[in-house]
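Please read the structure below before turning to the comments.
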2 protein chains.
Amino acid sequence: MTKAPPRRAKIQDVAEAAGVAIKTVSRVLNNEPNVREETRQRVLAIVKKLNYHPSLSARSLAGRRSFLIGLIYENPSANYIVDVQHGAMARCREDRFQLLMHQVTGRGEEMERDVLGLVDQTHLDGLIVTAPLSESVDLMRALDRRALPFVRVAPNDVPHPTPYVDMDDAGAAREMTEYLIGLGHRRIGFIVGHPDHFASGQRLVGYKAALAAHGIEFRDRYVRQGYFVFESGMEAAKELLIQPDPPTAIFASNDDMAAGVLMAAHELGLTVPERLSVAGFDDTYIAKTVWPRLTTVHQPTYDLAYTATNLLLQMLQTGTAPQSMRLGYRLVCRASTAVVHK
Amino acid sequence: MTKAPPRRAKIQDVAEAAGVAIKTVSRVLNNEPNVREETRQRVLAIVKKLNYHPSLSARSLAGRRSFLIGLIYENPSANYIVDVQHGAMARCREDRFQLLMHQVTGRGEEMERDVLGLVDQTHLDGLIVTAPLSESVDLMRALDRRALPFVRVAPNDVPHPTPYVDMDDAGAAREMTEYLIGLGHRRIGFIVGHPDHFASGQRLVGYKAALAAHGIEFRDRYVRQGYFVFESGMEAAKELLIQPDPPTAIFASNDDMAAGVLMAAHELGLTVPERLSVAGFDDTYIAKTVWPRLTTVHQPTYDLAYTATNLLLQMLQTGTAPQSMRLGYRLVCRASTAVVHK
DNA sequence: CATAGCCGTGACAACGTTGTCAATTTGTCT
DNA sequence: AGACAAATTGACAACGTTGTCACGGCTATG
């Protein structure tokens with residue numbers, strides 16, 4: 001009563017049914033030139049009829065490429081990485097590539113070993129490297145040694161011929177700071193992002209630039225180190241707020257930390273935005289779910305990843321490195337910021 | 001000046017260096033019996049020295065398996081799916097399998113086509129199916145037709161020999177409801193989860209059971225349909241709260257909706273937990289970042305996925321279907337619930 | 001002391017594609 | 001019509017593994 005195991009059609013079956021050589025079928029499937037239109041149609045019809053799908057393994061083996069692209073990340077917030085994943089996935093699907101996610105463990109040499117293990121074992125065609133992994137010169141050198149094409153989806157100051165996609169972190173941070181200044185704030189706290197991320201420094205630069213442009217003195221005591229996670233934002237905010245002459249606004253370098261600031265404010269009994277304005281960065285899901293809703297910088301995370309993947313696929317197809325790209329941001333003003341309280 | 005392209009070592013290279021046949025190297029690498037210990041060591045030494053890694057494609061082609069496992073999901077909250085991903089990934093790594101994530105688009109027939117497209121194109125060895133995809137009888141039949149082993153990581157009432165991993169949704173919901181009753185609440189609102197999810201019904205069952213056990217009449221007007229997303233929780237809560245004799249507690253079927261309830265409460269000027277207690281379900285990241293922090297049911301998402309993947313790998317290796325499993329939950333009482341206000 | 005069986009090993013044929021190159025057909029230009 | 005170029009097609013050898021089967025040496029058995 002068990003049904004016969006449904007043997008998979010192979011290229012040979014298609015070729016026979018269409019009365020052509022397997023090579024011709026291969027040509028049709030890969031959109032190679034020099035196939036008569038009539039033949040092409042006949043083959044395609046059979047392919048459909050037999051529900052034929054080429055074997056990825058055989059293709060990889062013969063064609064010397066795996067159609068696999070890796071996406072490596074370290075320890076980002078879930079909301080952020082999911083956007084990245086979906087952006088990269090969407091672009092991969094268009095070209096029938098598959099995406100292999102890989103969360104990297106460890107740092108420094110251990111991280112490097114982890115990544116190289118992935119690369120060596122899976123024979124990836126290319127790699128998408130997110131921050132802060134994209135800032136490791138050692139990793140980039142190791143990838144070069146493997147002759148593995150990769151793109152970076154992150155701001156960056158490491159010189160390398162490989163393209164990257166980023167946004168103007170400094171500009172965005174400056175604009176947000178100026179927005180707060182425009183609301184009358186003069187004592188503006190700033191929570192720096194994780195020190196491993198180049199973007200963290202850039203956002204700080206933007207914050208300082210805005211203060212300078214408006215003749216506001218920069219003070220160390222209004223700045224605290226954070227680590228891009230909720231708890232670090234909460235603790236930094238408490239430190240900022242319990243000092244005399246505390247800030248009337250706090251700008252956190254990402255939304256998770258900004259949510260931590262809100263939590264600190266609630267615990268200290270400071271109403272937001274009446275007594276304290278709070279701004280975030282990234283515009284992830286969390287920004288819309290906390291109360292009050294966060295004013296933040298919208299970062300085009302999905303597009304960043306989509307574009308990076310696009311560049312990578314171009315590299316693979318043309319063999320040359322395309323131009324890096326910079327995508328736009330925009331301020332999203334919600335309910336966590338208001339005119340300074342007198 | 002360009003360094004020679006670092007040609008990848010192949011099994012032949014290893015065999016020659018070790019003075020054995022390629023088949024022997026293959027045996028060593030696959031832990032097959034009948035290799036003298038001395039030979040094994042010699043081969044392993046060479047493998048390490050040459051940094052040899054077998055080609056996945058060649059292995060797949062010859063061995064008729066791809067070492068690829070698919071993980072399909074529909075549209076879950078980011079925090080949830082990331083936990084699932086990492087659980088499955090962790091288990092895959094142990095056996096050198098690779099995980100292919102796939103977000104399914106569409107419903108019904110379109111969903112089915114999408115999944116089958118993935119399966120056909122990639123020649124997966126197995127599939128991890130999350131809710132609510134795991135409840136589609138059609139999909140399961142289609143997978144059977146492809147003779148593709150799969151596991152379900154979700155509660156389920158579809159009879160099928162394939163194993164699944166779940167938790168006691170009804171029991172957990174009942175316990176949470178009883179906890180609220182224990183705090184003195186009698187008018188307890190309930191927001192049902194997405195109707196496509198079997199778990200939604202189970203959680204409702206638990207809620208009703210708790211009411212019944214404590215002689216509290218069940219009333220339709222305290223129940224609203226939600227869709228597992230923030231906005232739906234917010235809207236449902238508003239409807240529940242603007243009626244006369246409104247609930248003093250609201251139990252939402254997941255954390256995202258519970259966060260929506262908090263937002264609604266804030267907008268209506270109801271302080272939580274003084275005037276309204278709120279409980280969620282899942283214990284995802286969001287539960288710790290909203291204010292006040294959510295009382296919720298901890299669902300072992302990571303372990304659920306890890307265990308499911310484990311079962312799948314067992315199936316692949318032994319060829320027989322292992323027992324399904326049920327994992328434990330626990331109530332996490334935080335700041336969003338309190339004794340009923342008089 | 002032969003004999004059957006197991007252990008360790010290797011030769012060689014798959015696996016299902018793509019790349020190369022040669023053969024055949026078609027089209028274009030005198 | 002004949003010659004040459006271009007388009008179309010096919011035969012066959014890779015690609016780097018695993019599966020199958022055969023072979024020789026060794027050990028336990030009768």
Side-chain angles (χ1 to χ4, degrees), chain A residues 5 7-44 46-47 50-68 96 98 120-125 316-317 319, chain B residues 5 7-44 46-47 50-68 96 98 120-123 125 316-317:
Chain A
R7 194 181 61 87
R8 227 156 198 152
K10 44 186 173 184
I11 200 170
Q12 183 104 244
D13 303 328
V14 177
E16 278 168 17
V20 296
I22 56 170
K23 180 65 218 193
T24 300
V25 178
S26 171
R27 274 194 265 264
V28 171
L29 265 50
N30 293 287
N31 285 314
E32 285 174 31
N34 299 335
V35 178
R36 219 187 320 162
E37 187 53 29
E38 183 209 314
T39 313
R40 178 182 302 277
Q41 292 308 330
R42 185 153 35 100
V43 169
L44 285 177
I46 303 280
V47 163
L50 298 184
N51 190 30
Y52 167 74
H53 293 271
S55 149
L56 231 178
S57 331
R59 234 143 99 93
S60 305
L61 185 56
R64 257 147 275 182
R65 56 229 193 92
S66 61
F67 300 93
L68 249 38
R96 316 214 142 197
Q98 296 293 335
D120 286 341
Q121 275 169 43
T122 55
H123 301 232
L124 298 172
D125 282 348
L316 297 182
Q317 278 149 24
Chain B
R7 194 180 62 88
R8 229 154 196 152
K10 42 185 171 185
I11 200 171
Q12 181 103 246
D13 303 330
V14 177
E16 278 168 17
V20 296
I22 58 169
K23 181 64 217 193
T24 300
V25 177
S26 172
R27 274 193 265 264
V28 171
L29 265 50
N30 293 289
N31 286 315
E32 286 174 32
N34 298 335
V35 178
R36 217 188 321 160
E37 187 52 29
E38 182 208 315
T39 314
R40 180 181 300 277
Q41 292 308 330
R42 186 151 37 101
V43 169
L44 285 177
I46 302 281
V47 163
L50 298 184
N51 189 32
Y52 167 74
H53 293 271
S55 150
L56 232 179
S57 332
R59 233 143 100 95
S60 307
L61 185 55
R64 260 149 273 187
R65 56 225 194 93
S66 62
F67 301 95
L68 248 37
R96 315 214 143 198
Q98 295 293 334
D120 286 341
Q121 276 169 43
T122 55
H123 302 231
D125 283 347
L316 297 183
Q317 277 149 24

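Note on naming: letters A, B, ... go to the chains in the order of the sequence lines (proteins, then strands), and numbering restarts at 1 for each one. The figures here come from the full heavy-atom set of this structure, side chains too, leaving out hydrogens, waters and symmetry mates. Just so it is clear, the structure is predicted and the values come from calculations on it, not from any experiment.
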- Message: Would you say that more than 12 heavy atoms from the other residues, nucleotides or ligands in this model lie under 6.0 Å from the CZ of B:R40, or not?
- Response: yes
- Output all residues satisfying side chain to side chain donor-acceptor pair (under 3.5 Å) with B:Q41, sequence neighbours left out; order by chain, then residue number. B:E37
- Message: Taking ring pair (Phe, Tyr, Trp, His ring centres under 6.0 Å) as the definition, give me every residue that meets it alongside A:Y52, ordered by chain and number, with sequence neighbours left out.
- Response: none
- Who passes side chain to side chain donor-acceptor pair (under 3.5 Å) against A:T122, sequence neighbours left out? none
- When rounded to the nearest 0.5 angstrom, what is the spacing between CG in A:D125 and OG in A:S60? 7.5 Å
- Note on the structure: Walking DNA chain D from its 5' end, the first of B:H53 and A:A21 to be reached, judged by nearest nucleotide, is A:A21
- Item | Note, B:V20 side chain near B:R42 side chain (heavy atom, < 4.5 Å) | yes
- Task: Specify the residue among B:L61 and B:K23 whose closest nucleotide of DNA chain C lies further upstream toward the 5′ end.
- Result: B:K23
- Query: Within a strict 4.5 Å, meaning less than it, do heavy atoms of the A:P54 and A:L29 side chains meet?
  - Reply: yes
- Would you jot down, in residue-number order, the residues of residues 29-40 of chain B having a non-hydrogen atom under 4.0 Å from DNA chain C? B:N34, B:V35, B:R36, B:T39
- Kindly calculate the angle separating the two end axes of the helix from C:dC1-D:dG30 to C:dT30-D:dA1, each obtained from five base pairs, and round it to 10 degrees. 40°
- B:Q12 CD: over 12 foreign heavy atoms closer than 6.0 Å: no
- Query: Is the shortest heavy-atom distance from the side chain of A:K10 to the side chain of A:S55 under 4.5 Å?
  - Reply: no
- Message: With a strict under 4.0 Å distance from non-hydrogen atoms of chain B, what nucleotide opens and what nucleotide closes the contacted stretch of DNA chain D, reading 5' to 3'?
- Response: D:dG16 to D:dT20
- Message: What's A:R27 touching, base or sugar-phosphate or nothing? Going by heavy atoms closer than 4.0 Å.
- Response: base
- Task: Could you grab the distance from atom OG1 of A:T24 to atom CZ of A:R36, nearest 0.5 Å is fine?
- Result: 10.5 Å
